Number of protein chains: 2
Amino acid sequence: MPVRADAQRNAARVLAAARRAVASTGLDVSYHEIAREAGVGVGTVYRRYPERDHLMAAVLSDILTELIDTAHQALDCDDAWEGFSLLFTGLALRTAQNAGLSGSLDQHGGPTVAQQRHELLDLTRRVIERAQDQGRLRRDLAWQEVLRLTGAPAVQGCVLGLEPDPAQGHHLVLTVLLDGLQTG
Amino acid sequence: MPVRADAQRNAARVLAAARRAVASTGLDVSYHEIAREAGVGVGTVYRRYPERDHLMAAVLSDILTELIDTAHQALDCDDAWEGFSLLFTGLALRTAQNAGLSGSLDQHGGPTVAQQRHELLDLTRRVIERAQDQGRLRRDLAWQEVLRLTGAPAVQGCVLGLEPDPAQGHHLVLTVLLDGLQTG
DNA sequence: AAAAAACGGACCGATCTTGTCCGCTTCCAC
DNA sequence: GTGGAAGCGGACAAGATCGGTCCGTTTTTT
């Protein structure tokens, strides 16, 4: 007996809703809110993911899959700087969108997530080192340090009450960061 | 009849605790948590600040006072770039430390806070424009945009699980940002 | 030493979260 | 069609947390 059609549809809805909810609220978002966001009952969410960690692992895996794809595209660019910019932008935007995630990837998420993260990390290192080899990217920063900079645009707001324009804001930070990362 | 000694001591404790609590949790931190942090009973906190807005105004005013001081130091520097770097670093660090504040300065905080913010904003604009006049700071960014960039290092964590080294991390982001902001 | 001032935290009601349970609905096989 | 299994939804119980009060106790001052 195959999986019922409505079950499959709802499973997709729940995962998508969970991604949105985690992005806006953080990893500690409640099941009820995810259910509301998905337009299903809480029971459905609990039935699909009896363990909170499984849900979070699914969400994280979803995000990592997209990033890994971007990393492959970056490696396919002939121009190493172009590839680096592409991946750096992708990482920064994802980080910003999922600011609530913090560093808690370790706790939640099983071996799959760990493996995906390792894969992404390896791809990223290659993108960065390649750009450095071509002399386009500052060499005074280790690749881990460059990576850490992708978190910079994850700005929530500003003490000074300036409206954080999400569309232009990110673009602005990224421009200055990339200019700062380029070799003179 | 003068203010009792223990009352004075506790008032200071509460304000300091509130600053710490707001910095780590945000403006919506609970009175109970502030009391716990301060090592006093909740009653004491409520007695001192019956209105939540008054407490938050006190906290914000405390922070703004420090920043205004930094801004004056910046204007005192003969080298405009040096002054800009000083203020930019100060703003960025404070922003990072108080990431939870978001843009909600407007709601909370009375006229004093508003006035202080205005003063800080004005000083900052002068520091930035002076550096641009001396040809040391990129002119393709309006001063408001430069200011917005100070929020960039307010990184909570990284999707990739790299430990966000608070000491070195900030320094790193700031270095690259400042390099990106400098004129070629 | 006694009055005044301040303190602490138990306590109350309201709100929010986790997790369960069961009557109702939807789907699939025949 | 139709019957029964699989899935659904959301009311509900139990626990945590929050804002805010109140009063017996401690501390300070005179």
Side-chain angles (χ1 to χ4, degrees), chain A residues 1-60 98-102 104 107-110, chain B residues 1-60 98-102 104 107-110:
Chain A
M1 173 175 311
V3 179
R4 266 176 54 166
D6 55 345
Q8 211 165 347
R9 191 175 57 236
N10 275 337
R13 277 190 195 168
V14 167
L15 184 57
R19 265 197 68 164
R20 262 172 290 150
V22 165
S24 69
T25 309
L27 276 180
D28 57 347
V29 66
S30 76
Y31 266 44
H32 277 87
E33 176 153 343
I34 293 172
R36 208 178 310 130
E37 176 79 29
V40 304
V42 268
T44 300
V45 182
Y46 275 103
R47 198 174 316 107
R48 199 72 47 193
Y49 298 98
E51 312 247 353
R52 171 169 262 273
D53 282 358
H54 287 18
L55 207 185
M56 294 312 160
V59 169
L60 297 172
N98 299 282
L101 263 62
S102 301
S104 47
Q107 288 81 8
H108 311 274
Chain B
M1 171 176 313
V3 179
R4 265 176 56 165
D6 54 347
Q8 211 166 348
R9 192 176 57 239
N10 276 338
R13 276 191 195 168
V14 166
L15 184 58
R19 264 196 69 162
R20 263 171 289 148
V22 165
S24 68
T25 307
L27 276 179
D28 58 346
V29 66
S30 75
Y31 266 42
H32 286 259
E33 176 154 343
I34 293 173
R36 209 177 310 131
E37 176 79 28
V40 305
V42 268
T44 301
V45 183
Y46 274 103
R47 199 175 317 109
R48 200 69 50 192
Y49 299 97
E51 311 247 354
R52 169 168 265 272
D53 282 358
H54 288 18
L55 208 185
M56 293 312 160
V59 168
L60 297 172
N98 298 282
L101 264 62
S102 301
S104 47
Q107 287 81 8
H108 312 272

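All values below come from the heavy atoms of this structure, side chains included, with hydrogens, waters and symmetry mates left out. As the structure is a prediction and not an experimental result, all values here were calculated from the model. The chains referred to below are lettered A, B, ... by the order of the sequence lines, with proteins before strands, and numbering in each begins at 1.
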**Q** Does a side-chain N or O of A/N10 approach OP1 or OP2 of D/dG7 to a distance below 4.0 Å, or not?
**A** no
**Q** What's the CZ-P distance between A/R13 and D/dC8, to the nearest Å?
**A** 10 Å
**Q** Separation of A/I34 atom CD1 from C/dG19 atom P, in whole Å?
**A** 12 Å
**Q** For the side chain of A/S30, starting at C-beta, report the closest nucleotide among C/dT17, D/dG9, D/dT21.
**A** C/dT17
**Q** Report which part of the nucleic acid B/Y31 touches: base, sugar-phosphate, or nothing (heavy-atom distance under 4.0 Å, all strands).
**A** sugar-phosphate
**Q** For residues A/R47 and A/T44, determine if any side-chain heavy atom of one lies less than 4.5 Å from a side-chain heavy atom of the other.
**A** yes
**Q** May I ask you to evaluate whether B/R47 reaches the phosphate of C/dC7, defined as a side-chain N or O under 4.0 Å from OP1 or OP2?
**A** yes
**Q** Report the residue (B/V29 or A/G43) whose heavy-atom-nearest nucleotide on DNA chain D is the more 5′ of the two.
**A** A/G43
**Q** Please evaluate residues A/R52 and A/Y31 with respect to the criterion side chain to side chain contact (heavy atoms under 4.5 Å, CB included), reporting the C-alpha separation (whole Å), side-chain torsions for both, the decisive distance (0.1 Å), and the verdict.
**A** CA-CA 9 Å; A/R52 171 169 262 273; A/Y31 266 44; 4.1 Å; yes
**Q** Is the phosphate of C/dC27 approached by A/R9 (side-chain N or O, under 4.0 Å from OP1 or OP2)?
**A** yes
**Q** Could you pull out the closest heavy-atom pair between A/A7 and A/R48, with the gap in Å?
**A** O-NH2, 3.7 Å
**Q** Test for a donor-acceptor pair under 3.5 Å between the base of D/dA6 and the side chain of A/R4, counting only N and O atoms.
**A** yes
**Q** Just the rounded figure in Å: distance from C1' of D/dG20 to OH of B/Y46.
**A** 5 Å
**Q** Output the rounded distance in Å from CG (B/D53) to P (D/dG19).
**A** 13 Å
**Q** Taking all atoms of both residues into account, what is the closest heavy-atom pair of B/V14 and B/V40, and its distance?
**A** CG2-CG2, 4.2 Å
**Q** Rounded to whole Å, please give me the gap between CZ in B/R48 and P in C/dA5.
**A** 14 Å
**Q** For the side chain of B/D6, counting heavy atoms from C-beta on, which of C/dT20, C/dC7, D/dC8 is nearest?
**A** C/dC7
**Q** Does a nitrogen or oxygen in the side chain of A/R36 sit under 4.0 Å from OP1 or OP2 of D/dG10?
**A** no
**Q** Can a donor-acceptor pair under 3.5 Å be found between the side-chain atoms of B/H32 and the base atoms of D/dG20?
**A** yes
**Q** D/dT21 P sits how many Å from B/Y49 OH, rounded?
**A** 18 Å
**Q** Map A/A5 and A/P50 onto DNA chain C by nearest heavy atom, then report which one ends up closer to the 5' terminus.
**A** A/P50
**Q** Using a cut-off of strictly less than 4.0 Å, decide whether B/R52 has a side-chain nitrogen or oxygen near OP1 or OP2 of D/dG19.
**A** yes
**Q** Using side chain to side chain donor-acceptor pair (under 3.5 Å) as the criterion, point out the one residue from B/R4, B/R9, B/Q8 that pairs with B/D6.
**A** B/R4
